[in-house]
Structure formats: structure tokens, C-alpha cells
Amino acid sequence: MKTVKQLQRLQADTYILMLKTHNFHWNVTGPYFQQLHLLFESQYNELFQAVDVVAERLRALDAEAIGQYAEFQKLSKIKDSKESKFKKMIEELVESNEAVVKTAHALVAQAQKDGDEATADLATERVSVHQKNIWMLKSHLK
């Protein structure tokens, strides 16, 4: 089922973005440290919950939830980062959230084609969350 493959990609994107956001939370410095430290924390916490929801949806579809980092890396278009400048961190997180939005949009289309409304709803919710994250992040670049 193509929906399962798309859902696994969403799980991978979500996990990699969670890890990247957590890394930036730990390592952010600069004049907006406190504000960004808290923003990144709220985002990685939400992503941690989301990756579990996506994994459980995979299991509900009688499919395998991914649990290996190498598999996450293989499926995700989001790359690790060692960025240390806060503005570049924000830009990377914007790009990564935009990548998740694309993955989630593709999943919505595929799930609807497959008649899987529950998965389409989950993916639609993810689009909304990541679009809000993009807005929040971009507001720090102005």
C-alpha cells in the first residue's frame, strides 16, 4: 500500500526534524538565546509526541513502524546539522518544516486515493502544525 510508504516517510521526517530541533535547542547561543531555546523546546516536544502518533497509525494499518536511525536517514530528505549560528539554525528549521509539509501533503493525497481518511486526517493535522512552526520560526528572521 502506497499510503504506508508515505506514512513511513512522514515518520522518518518527523523523527529527524525532532532530533535536529533538539540539537539546536541544546546548542543555540546569541542575543535571542532564551526565546529560541524555549521555542525549539516546544517544537521538539510536539514532534516527539507526533512521531509516536505516526508510528501508532502505521501499526494500526498492520505495517511496521520504523525504529532504526539508518532507516530514518534513508527515507527522510531532512539532513542532520552541526549548525552553530542561531540565524542559520532558524533557516534550516524553516526548510526542514517545509520538507515535512511536502511529505504530509503527498500523504494526504495518497491516503485519500487509497480511501484511508484517518491517515489523511493525521497528515492534514501535521501540515497545520508545521505551517505554524514555519510562521513562528520565520518571525525571528524579520
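To the nearest 0.5 Å, atoms OG (Ser76) and CG (Leu10) are separated by 10.0 Å. For the atom pair Glu117 CD and Gln112 CD, the distance stands at 5.5 Å (nearest 0.5 Å). We find the CD-CG distance between Glu91 and Leu141 to be 5.5 Å, quoted to the nearest 0.5 Å. Between the CG atom of Asn23 and the OG atom of Ser84 there is a distance of 10.5 Å, given to the nearest 0.5 Å. The NZ atom of Lys20 sits 7.5 Å away from the CD atom of Glu95 when rounded to the nearest 0.5 Å.
When Ile16, Thr21, Val100 are each tested for a side-chain contact (heavy atoms from CB on, under 4.5 Å) with Leu47, only one passes: Thr21. A side-chain hydrogen bond (donor to acceptor under 3.5 Å, both in side chains) with Thr3 holds for exactly one of Thr119, Asp116, Asp114; it is Asp114.
Taking both residues in full, the closest heavy atoms of Ala65 and Leu58 are given as CA-CD1, 4.0 Å, listed atom of the first, atom of the second, then distance. Taking every heavy atom of both residues into account, Ile78 and Ala99 meet most closely at CG1-CB, 4.2 Å. When all heavy atoms of Met89 and Phe40 are compared, the pair lying nearest together is SD-CE1, 4.3 Å. Between Glu64 and Gln8, the shortest heavy-atom contact is O-NE2, 2.9 Å. The two residues Leu17 and Ser96 come nearest to each other via the heavy atoms CD1-CB, 3.6 Å. Annotation for Val54 and Leu7: closest pair CG1-O, 3.6 Å, computed over non-hydrogen atoms.
Residues Phe86 and Leu38 do not share a hydrophobic cluster, clusters being chains of Ile/Leu/Val/Met/Phe/Trp/Tyr side chains in contact below 4.5 Å. Tracing side-chain contacts under 4.5 Å through hydrophobic residues (I, L, V, M, F, W, Y), one never reaches Phe24 starting from Val129; they form parts of separate clusters. The hydrophobic cluster containing Leu75 does not contain Val108, counting ILVMFWY residues as joined when their side-chain heavy atoms lie under 4.5 angstrom apart, directly or transitively.
Qualifying ring-ring contact (aromatic ring centres under 6.0 Å, His included) partners for Trp26, counting only residues two or more places apart in sequence or in other chains: His22.
A heavy-atom distance below 4.5 Å is found between the side chains of Asn133 and His130. Lys77 has its side chain out of reach of Lys102: every pair of non-hydrogen atoms, C-beta onward, lies at least 4.5 Å apart. Looking at heavy atoms from C-beta onward, His140 lies in side-chain contact with Gln35 at the 4.5 angstrom threshold. Counting heavy atoms from C-beta outward, Asp80 and Lys82 have side chains that stay 4.5 Å or more apart.
Salt-bridge formation is not detected for the pair Arg59/Glu56: no Lys NZ or Arg NE/NH1/NH2 atom is positioned less than 4.0 Å from an Asp or Glu carboxylate oxygen.
Applying the side chain to side chain donor-acceptor pair (under 3.5 Å) definition to pairs two or more places apart or across chains, those involving residues 45-54 are Glu46-Arg126. Pairs engaging residues 57-77 under the ring pair (Phe, Tyr, Trp, His ring centres under 6.0 Å) rule: Tyr15-Phe72 [sequence neighbours left out].
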